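Only this structure's heavy atoms are used, side chains among them; waters, hydrogens and symmetry mates stay out. Note that the coordinates shown come from a computational prediction; the quantities given were computed from them, not determined experimentally. Letters A, B, ... mirror the listed sequences (proteins, then strands); counts begin at 1.
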Amino acid sequence: MNRATSQPTPASRPDDEAPIDALDRALIVATQTGLPLVPEPYHALAGELGVDAREVMDRLRRMQERGIIRRIAAVPNHYRLGFTHNGMSVWNVPDERIGELGPRVGALDFVSHCYHRPRHPPDWPYNLFAMVHADSREEAERKVRIISELLGPDDLGHEVLFSRRILKKTGLRLTA
Amino acid sequence: MDLSPLEKHLLNDFQHHLPLSTQPYADMAAQLGVSEAEVLSALARLHEQGLVSRVGAVFRPHSIGASTLAAMAVPPERLEAVAGLINDYPNVNHNYEREHEYNLWFVVTARDEDELCAVLEDMEARTGMPILALPLIEDYHIDLGFDLRWT
């Protein structure tokens, strides 16, 4: 069986910081579907959690500084905004070059996600994933060509997997 | 899509930094020169229409619990049944059908690595099909946001 399921490789974690505690976790659970749309949303969260608003904001700020929270933001739904052609481009690049090439692909403005993932030869030779969003298939393909040109001889093969249907999409789920 | 200038600004300008302040929506309103009530009602409308998936925190993958991208090559005639089975797991938050032999792509999350492995094994047992697990090794995306380029 072609699996690495037994040992998923952990992602690099931030510098030896203590893990999040119970209140951080409770805060994540409380905010995962979004902040309340009321004038003082952090106070509302604080009320739910039985702590004060200062504590809620301090903790969110700390999680942001530690990189656990990437950003606090209005998160657009690309698909509903008309970026309906979501192409997952997958690339086979030399392992010794991926550390240099990955950040360059990830910095392209039309790439929304760029990850190093394990290969599973022979079925799955690709080790670099770059998600491309566009309003047409042609535009997505044009963007993929830009990535291919950027990689040059390090593009040992690639494919684009267009989405046909969204079968399920919910926010982050975390059980308390 | 018919968006007001305020809605466009809310979508484009606050993808990164919603103010972490006592009254964040009032601060956004001040920045945009409108009232807090207008910001709140515009955000509520964008959310209802599904244009904003949420106003809140975006967490880095793997910072809490364990997760992996997973793929399956499902024969077309079994796709509906297998997709339904996979979607029933509360551990699955995204599931896309893609144009490829590996046609089912989903993300599995769990409290820890042990639970993640157990869920994947359970999925394989119940579908009778192997899963390609593609956990993240490194994230290269430099988060500059996404230019919505209104036309």
Peer 1: Within residues 38-51 of chain A, which positions have a heavy-atom distance to chain B below 4.5 Å?
Peer 2: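 Only Val38(A), Pro39(A), Glu40(A), Pro41(A), Tyr42(A), His43(A) of residues 38-51 of chain A have a heavy atom under 4.5 Å from chain B.
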
Peer 1: In terms of heavy-atom proximity below 4.5 Å to chain A, should Glu36(B) be classed as side chain, backbone, both, or neither?
Peer 2: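 Side chain only.
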
Peer 1: Any Lys/Arg nitrogen of Arg59(A) or Glu55(A) sitting under 4.0 Å from an Asp/Glu carboxylate oxygen of the other?
Peer 2: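 Yes, charged N to carboxylate O under 4.0 Å.
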
Peer 1: Angle class for the Tyr102(B)/His100(B) ring planes (parallel below 30°, perpendicular above 60°, tilted otherwise)?
Peer 2: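 Taking His100(B) first and then Tyr102(B), their aromatic rings lie parallel (interplane angle under 30°).
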
Peer 1: Contact part of Ala44(B) toward chain A, heavy-atom cut-off under 4.5 Å: side chain, backbone, both or neither?
Peer 2: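 Both the backbone and the side chain of Ala44(B) come within 4.5 Å of chain A.
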
Peer 1: Got a salt bridge between Arg142(A) and Glu139(A), using NZ or NE/NH1/NH2 to carboxylate O under 4.0 Å?
Peer 2: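 Yes.
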
Peer 1: Measure from the side-chain N and O atoms of Arg61(A) to the backbone N and O of Leu20(B), and report whether any donor-acceptor pair falls under 3.5 Å.
Peer 2: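 Indeed, once roles are kept as given, a pair shorter than 3.5 Å links the two residues.
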
Peer 1: Under 4.0 Å between a side-chain nitrogen and a carboxylate oxygen: does that hold for Glu100(A) and Arg97(A)?
Peer 2: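 Yes, Glu100(A) and Arg97(A) are salt-bridged.
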
Peer 1: Select one option (side chain, backbone, both, neither) describing which atoms of Ile98(A) are under 4.5 Å from chain B's heavy atoms.
Peer 2: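 Contact with chain B involves both backbone and side-chain atoms of Ile98(A).
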
Peer 1: Quick check on Leu69(B) against chain A: is it the side chain, the backbone, both or neither that has a heavy atom closer than 4.5 Å?
Peer 2: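 Both backbone and side chain.
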
Peer 1: Which atoms of Ser21(B) are under 4.5 Å from chain A, going by heavy atoms: the side chain, the backbone, both sets, or neither?
Peer 2: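 The answer is the backbone of Ser21(B).
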
Peer 1: Are Arg137(A) and Glu99(B) close enough for a salt bridge, meaning some N to O gap below 4.0 Å?
Peer 2: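 Answer for the salt bridge query: yes.
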
Peer 1: Angle class for the His94(B)/Tyr96(B) ring planes (parallel below 30°, perpendicular above 60°, tilted otherwise)?
Peer 2: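 His94(B) vs Tyr96(B) ring planes: parallel.
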
Peer 1: Between Leu35(A), Val105(A), Asp24(A), who has the most heavy-atom pairs with chain B when the cutoff is under 4.5 Å?
Peer 2: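 Between Leu35(A), Val105(A), Asp24(A), the count favours Leu35(A).
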
Peer 1: Between Arg119(A) and Asp95(A), is the closest basic N to carboxylate O distance under 4.0 Å?
Peer 2: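 Salt bridge between Asp95(A) and Arg119(A), a charged N being under 4.0 Å from a carboxylate O: yes.
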
Peer 1: Val52(B), Asn103(B), Val39(B), Leu134(B): which one forms the most heavy-atom pairs within less than 4.5 Å of chain A?
Peer 2: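 The option with the most such pairs is Leu134(B).
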
Peer 1: Does any heavy atom of chain B fall under 4.5 Å from the side chain of Met131(A), the backbone, both, or neither of them?
Peer 2: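 For Met131(A), side-chain heavy atoms alone lie under 4.5 Å from chain B.
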
Peer 1: With no hydrogens and no angle check, is any side-chain donor or acceptor of Asn87(B) less than 3.5 Å from a backbone partner on Leu167(A)?
Peer 2: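 Yes, because the side chain of Asn87(B) sits within donor-acceptor range (under 3.5 Å) of the backbone of Leu167(A).
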
Peer 1: How long is the span from the CZ atom in Arg126(B) to the CG atom in Asp88(B), to the nearest 0.5 Å?
Peer 2: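 If we round to the nearest 0.5 Å, Arg126(B):CZ and Asp88(B):CG are 7.0 Å apart.
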
